[in-house]
Asks: 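Structure provided below as structure tokens; questions to follow.
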Amino acid sequence: MSTQQRTLPRHVRHLVIGAGFAGLGAAIKLNEAGERDFVVLEKGDDVGGTWRANTYPGAACDVPSQLYSFSFGPNPDWSMSFSPQPEIHAYLRRVAEESGTLDRFFFGTTMREARWDDDAQLWLVSTDRGDLTAATIISGSGGLSEPKLPDIDGIDSFAGEVFHSARWDHDVDLAGKRVAVIGTGASAIQIIPELAKVAGHVDVYQRTAPYVVPRNDRRYTRLERFAFRRVPAVMKAYRTAIYWGRELYVPGFTFQRRLLAPARAMALGNIKKGIDDPALRERVTPDFAVGCKRILISNTYYPTLAADHVDLVTDRIAKITGNAVVTADGVERPIDVLVVATGFHTTEQPIAHHIIGRDGRTLAEVGAEHGSANYKGTTVHGFPNLFQIVGANTGLGHSSMVFMIESQLAYVMDAIRTMQVNHYGTVEPRQDAQDAWNHDLQRRMRRTVWSTGGCASWYLDAQGRNTTLWPRTTYTFRKLLATFDVSAYDVQPLVERSRDHSTEGATA
Ligand code: N01
């Protein structure tokens with residue numbers, strides 16, 4: 001989508017950051033509510049968020065598409081049960097175009113800093129396109145937006161092509177090349193089978209073997225797609241069935257690990273089916289409880305590892321030279337291209353360094369002290385009128401993040417309604433309400449497989465606290481966020497100065 005050359009308004013009532021599922025959803029919901037005084041800042045050149053950025057070969061959703069889409073934007077045209085990235089990106093573009101909100105999006109625009117001004121009851125925001133003020137910020141900057149690069153000795157000296165999975169370089173011709181992939185997470189297991197189709201040789205560097213269950217993917221039949229289009233109730237029934245099927249995983253994750261035994265059996269069966277060599281089978285068999293890390297899905301990953309031109313390397317990487325990866329056992333494996341599929345900065349989101357609250361500290365500083373604590377995954381004490389979509393402890397290992405995003409958007413919209421009706425200038429969660437919320441979360445977390453399953457994962461922060469996942473059903477999350485519970489908040493009446501601002505309106 002083209003980058004507008006318009007100037008930013010000096011003030012808006014609502015500033016939305018990011019144009020992925022969260023930011024786009026926020027724009028649509030604001031618009032629907034008649035809150036038209038908003039802008040969306042997006043550093044990329046298009047909507048789509050993670051589905052714009054991740055274009056690696058094989059990129060696809062591992063949650064069924066009927067559920068991994070907006071409830072208010074059903075798509076009868078999904079080709080597959082797990083749709084590929086280009087379809088998801090195209091879907092988001094279509095939803096954006098049909099929403100009639102794109103004139104308020106500023107692409108190619110990075111927010112540099114947002115600083116709360118208590119007297120004015122405003123966020124003072126600087127961007128690389130100019131400054132503006134906003135009464136509220138809805139941040140949809142995404143938990144998986146900032147690639148994490150491995151700290152491996154000599155990696156900067158590598159003379160060949162090197163890129164992260166989320167920054168795929170499509171100009172690099174991989175045909176016949178020797179390629180190394182570092183990582184065996186959700187991205188890597190989608191990349192490796194595609195890479196092996198074209199590369200001359202692939203070395204896969206595995207630090208921890210993941211659980212990979214079969215991917216029950218299939219193309220929707222013409223009859224199904226006809227029914228989705230003509231009888232919306234059919235599509236809704238699919239979505240509902242997928243939703244509840246996914247919810248069945250929750251007890252296994254959160255308090256009764258034994259219920260995940262079928263998933264383990266499926267993963268072990270997948271290994272057996274895909275790999276004949278007993279030694280290789282053993283090396284890809286995880287040594288922790290299933291579910292402790294994200295359960296991955298693929299039919300092609302294990303057979304690819306078994307191919308003659310693919311080597312699984314489990315020795316620790318000692319260093320990278322100008323043209324090779326050297327493992328701790330001294331073996332040097334020459335390569336032309338290095339693909340780094342090592343994940344993202346998740347527990348500490350980069351934007352947190354740029355949002356400065358009431359007492360002059362950044363979200364990152366406060367988060368470091370309080371373990372990214374927030375209230376209902378959405379609001380933070382000390383940061384009035386800030387709403388984070390996909391904030392701490394809203395992530396999922398089993399179901400659709402779009403469901404969580406919509407739950408949060410309902411809460412945010414009710415907060416905005418409450419502010420308007422009561423002429424509140426600020427809402428800020430009380431410290432005691434936030435503490436009680438987090439105490440309960442961390443208490444529940446102790447029993448989960450993510451804490452007890454014997455693995456190290458990006459779900460945990462530097463202190464070993466799980467600040468990433470939601471430890472209950474998504475149904476419960478939706479119920480808890482259905483209405484804005486103003487009793488958990490400190491509120492301030494609207495000051496005259498910001499009332500002036502709020503009627504000024506945007507001219508985007
Ligand atoms: O990243 P990851 P990802 N040396 O962090 C290894 C979502 N997603 O991009 O397990 C060597 O999961 C690391 O090893 P270990 C989804 O939520 C969704 O794959 O830490 N290896 C691991 O194997 C997912 O969970 C879809 O020991 C190093 C890998 O790199 C999230 O994105 C598709 C290393 C990183 O795995 C992230 O997935 C794809 C080092 N220094 C992704 N550092 C959907 O379909 C890290 N590793 C929706």
Side-chain angles (χ1 to χ4, degrees), residues 20-21 48-51 53-65 67-69 80-85 87-89 142-155 163-168 180-192 194 203-213 215 217 246 284 286-288 291-298 301 312-320 325-328 338-347 390 394-405 450 453-460 468-470:
F21 266 105
T50 195
W51 295 104
N54 282 271
T55 61
Y56 60 75
C61 189
D62 59 12
V63 173
S65 305
L67 186 60
Y68 199 84
S69 41
M80 312 281 294
S81 40
F82 297 98
S83 291
Q85 173 269 337
E87 260 185 61
I88 302 170
H89 190 202
L144 300 174
S145 62
E146 203 58 34
K148 191 171 173 187
L149 301 172
D151 185 15
I152 298 173
D153 192 22
I155 193 164
F163 47 86
H164 188 273
S165 54
R167 301 283 184 272
W168 197 268
V181 180
I182 302 180
T184 52
S187 303
I189 67 129
Q190 293 184 334
I191 291 168
I192 291 161
E194 296 305 310
D203 289 325
V204 176
Y205 288 87
Q206 170 189 285
R207 190 165 68 177
T208 312
Y211 280 98
V212 185
V213 300
R215 179 187 183 92
D217 201 7
R246 295 262 151 178
V284 298
D287 60 359
F288 54 88
C292 185
K293 281 170 175 280
R294 190 179 177 93
I295 300 172
L296 312 181
I297 58 169
S298 176
Y301 177 63
L312 180 76
V313 184
T314 50
D315 291 299
R316 190 178 60 79
I317 300 172
K319 63 175 176 179
I320 293 175
V325 179
V326 183
T327 41
L338 177 61
V339 175
V340 181
T342 45
F344 300 87
H345 290 279
T346 49
T347 52
V390 192
T394 59
L396 300 177
H398 72 290
S399 191
S400 171
M401 282 310 295
V402 185
F403 185 90
M404 300 298 271
I405 288 170
W450 312 309
C455 74
S457 77
W458 59 258
Y459 298 155
L460 310 178
T468 310
L469 295 184
W470 172 244

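For ligands, and for the atoms within them, numbers begin at 1 and follow the listed sequence. Note: hydrogens, waters and symmetry copies are ignored here, and every other heavy atom, side chains too, is used. Predicted model only: the values in this text are computed from it and were never measured.
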Asks: Short list, please: which atoms of ligand 1 are under 4.0 Å from a heavy atom of S187?
Replies: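 Those atoms are 3 (P), 9 (O), 19 (O), 38 (O), 39 (C), 42 (C).
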Asks: Minimum heavy-atom separation for V340 and P150, please, with both atom names.
Replies: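 Scanning both residues completely, I find the closest heavy atoms to be CG1-CD, 3.1 Å.
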Asks: Quick one: which ligand 1 atoms are inside 4.0 Å of a heavy atom on D62?
Replies: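 Matching atoms, with element in brackets: 44 (C), 45 (O), 48 (C).
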Asks: Taking 4.0 Å as the limit for heavy-atom contacts, which would you say applies to A166 with ligand 1: side chain only, backbone only, both, or neither?
Replies: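 Neither; nothing of A166 gets under 4.0 Å from ligand 1.
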Asks: Please list the nearest protein heavy atom to atom 7 (C) of ligand 1 with its residue and the distance rounded to 0.1 Å.
Replies: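 Checked against all protein heavy atoms, atom 7 (C) of ligand 1 sits closest to L144 CD1, 3.5 Å.
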Asks: W470 versus T394: any side-chain heavy-atom pair under 4.5 Å?
Replies: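 With C-beta onward as the side chain, the pair stays apart.
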Asks: Considering heavy atoms of the protein only, find what lies nearest to atom 27 (O) of ligand 1 and give residue, atom and distance to 0.1 Å.
Replies: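 Protein heavy atom with the smallest distance to atom 27 (O) of ligand 1: T208 OG1, 2.4 Å.
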Asks: Check the pair D203, V325 against side-chain contact (heavy atoms from CB on, under 4.5 Å), reporting the backbone distance first and the verdict last.
Replies: CA-CA 10 Å; D203 289 325; V325 179; over 6 Å; no
Asks: Going by the atom numbers of ligand 1, which of them fall below 4.0 Å from some non-hydrogen atom of Y56?
Replies: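 It comes down to these atoms of ligand 1: 33 (C), 39 (C).
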Asks: Among all protein heavy atoms in this structure, tell me which lies nearest to atom 17 (O) of ligand 1, with the distance rounded to 0.1 Å.
Replies: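 Protein heavy atom at minimum distance: R294 NH1, 3.3 Å.
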Asks: Can you report which non-hydrogen protein atom sits closest to atom 36 (O) of ligand 1, along with the distance?
Replies: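 Going atom by atom, the protein heavy atom closest to atom 36 (O) of ligand 1 ends up being G185 CA, 3.6 Å.
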Asks: Under the 3.5 angstrom rule, does the side chain of S298 hit a backbone N or O of R215 as a donor-acceptor pair?
Replies: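 Side chain of S298 to backbone of R215: no pair is present.
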Asks: Does ligand 1 have a heavy atom under 4.0 Å from the side chain of F344, from its backbone, from both, or from neither?
Replies: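 It is the side chain that gets close, since no backbone atom is under 4.0 Å.
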Asks: Would a distance-only check, ignoring hydrogens and angles, find a side-chain to backbone donor-acceptor pair under 3.5 Å from Y211 to F288?
Replies: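 Side chain of Y211 to backbone of F288: a pair is present.
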Asks: Could you pull out, from R207, M401, H164, the option with a heavy atom nearest to atom 43 (N) of ligand 1?
Replies: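 Answer by nearest heavy atom: R207.
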Asks: Run the numbers for me: atoms of ligand 1, each under 4.0 Å from some heavy atom of Q190, listed by number.
Replies: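 So the atoms of ligand 1 that pass are 33 (C), 45 (O).
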Asks: Only heavy atoms of T184, strictly under 4.0 Å: list the atoms of ligand 1 that pass.
Replies: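 Under 4.0 Å from T184, ligand 1 has these atoms: 22 (C), 23 (O), 29 (C).
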Asks: So which protein heavy atom does atom 1 (O) of ligand 1 come closest to, and at what separation?
Replies: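 Going by distance alone, atom 1 (O) of ligand 1 is nearest to G343 CA, 3.1 Å.
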Asks: Which atoms of ligand 1 sit under 4.0 Å from any heavy atom of G183?
Replies: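 Every atom of ligand 1 under 4.0 Å from some heavy atom of G183: 6 (C), 23 (O), 29 (C), 30 (O).
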Asks: Which ligand 1 atoms, with their elements, are less than 4.0 angstrom from a heavy-atom of A60?
Replies: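 So the answer, numbered in order with elements, is 44 (C), 45 (O).
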Asks: Which heavy atom of the protein is the closest neighbour of atom 47 (N) of ligand 1, given with residue, atom name and distance?
Replies: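 In this structure, atom 47 (N) of ligand 1 has T342 CG2, 3.6 Å as its nearest protein heavy atom.
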Asks: Quick one: does I182 get within less than 4.0 Å of ligand 1, heavy atoms only?
Replies: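 Yes; I182 lies near enough to ligand 1 that a heavy-atom distance drops under 4.0 Å.
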Asks: Please check: side-chain N/O of S83 versus main-chain N/O of S65, any donor-acceptor pairing under 3.5 Å?
Replies: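 Not a single qualifying donor-acceptor pair exists.
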Asks: For side-chain contact (heavy atoms from CB on, under 4.5 Å), just list the numbers for T342 and H164, CA-CA rounded to whole Å, side-chain angles, deciding distance to a tenth of an Å, and then say yes or no.
Replies: CA-CA 8 Å; T342 45; H164 188 273; 4.1 Å; yes
Asks: Who pairs with S81 by side chain to side chain donor-acceptor pair (under 3.5 Å), at least two apart in sequence or on another chain?
Replies: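 Expected list: D217.
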Asks: Between L296 and P210, what is the shortest heavy-atom contact and its length?
Replies: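 Here L296 and P210 meet closest at CD1-CB, 3.6 Å.
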Asks: Numbering the atoms of ligand 1 from 1, which are under 4.0 Å from a heavy atom of K293?
Replies: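 The atoms of ligand 1 under 4.0 Å from a heavy atom of K293 are 10 (O), 15 (P), 20 (O).
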Asks: Which residues pass the disulfide (SG to SG under 2.5 Å) test with C61, not counting sequence neighbours?
Replies: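 Partners of C61 by the disulfide (SG to SG under 2.5 Å) criterion come out as none, since no residue qualifies.
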Asks: Whether the side chain of Q206 engages the backbone of T314 through a donor-acceptor N/O pair (distance < 3.5 Å, no angle test) should be reported.
Replies: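 Here the side-chain-to-backbone pair does not exist.
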Asks: For the pair Y459 (side chain) and R294 (backbone), establish whether a donor and an acceptor sit closer than 3.5 Å, ignoring hydrogens and angles.
Replies: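 Answer holds: yes.
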Asks: Do you know the tightest heavy-atom contact between R246 and S399?
Replies: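 Of all heavy-atom pairs spanning R246 and S399, the closest is CB-OG, 3.8 Å.
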Asks: So, regarding A341 and ligand 1 (criterion: nitrogen or oxygen to nitrogen or oxygen, under 3.5 Å), is there a contact or not?
Replies: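 There is such a contact, yes.
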Asks: Of S83, A456, A186, A188, which has the heavy atom at the shortest distance from atom 42 (C) of ligand 1?
Replies: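 Of the listed residues, A186 has the closest heavy atom.
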Asks: Looking only at N/O atoms, are P150 and ligand 1 under 3.5 Å apart anywhere?
Replies: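 By distance alone, the answer is no.
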Asks: How close does the nearest protein non-hydrogen atom get to atom 12 (O) of ligand 1, and which residue and atom is it?
Replies: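 Checked against all protein heavy atoms, atom 12 (O) of ligand 1 sits closest to W458 NE1, 3.3 Å.
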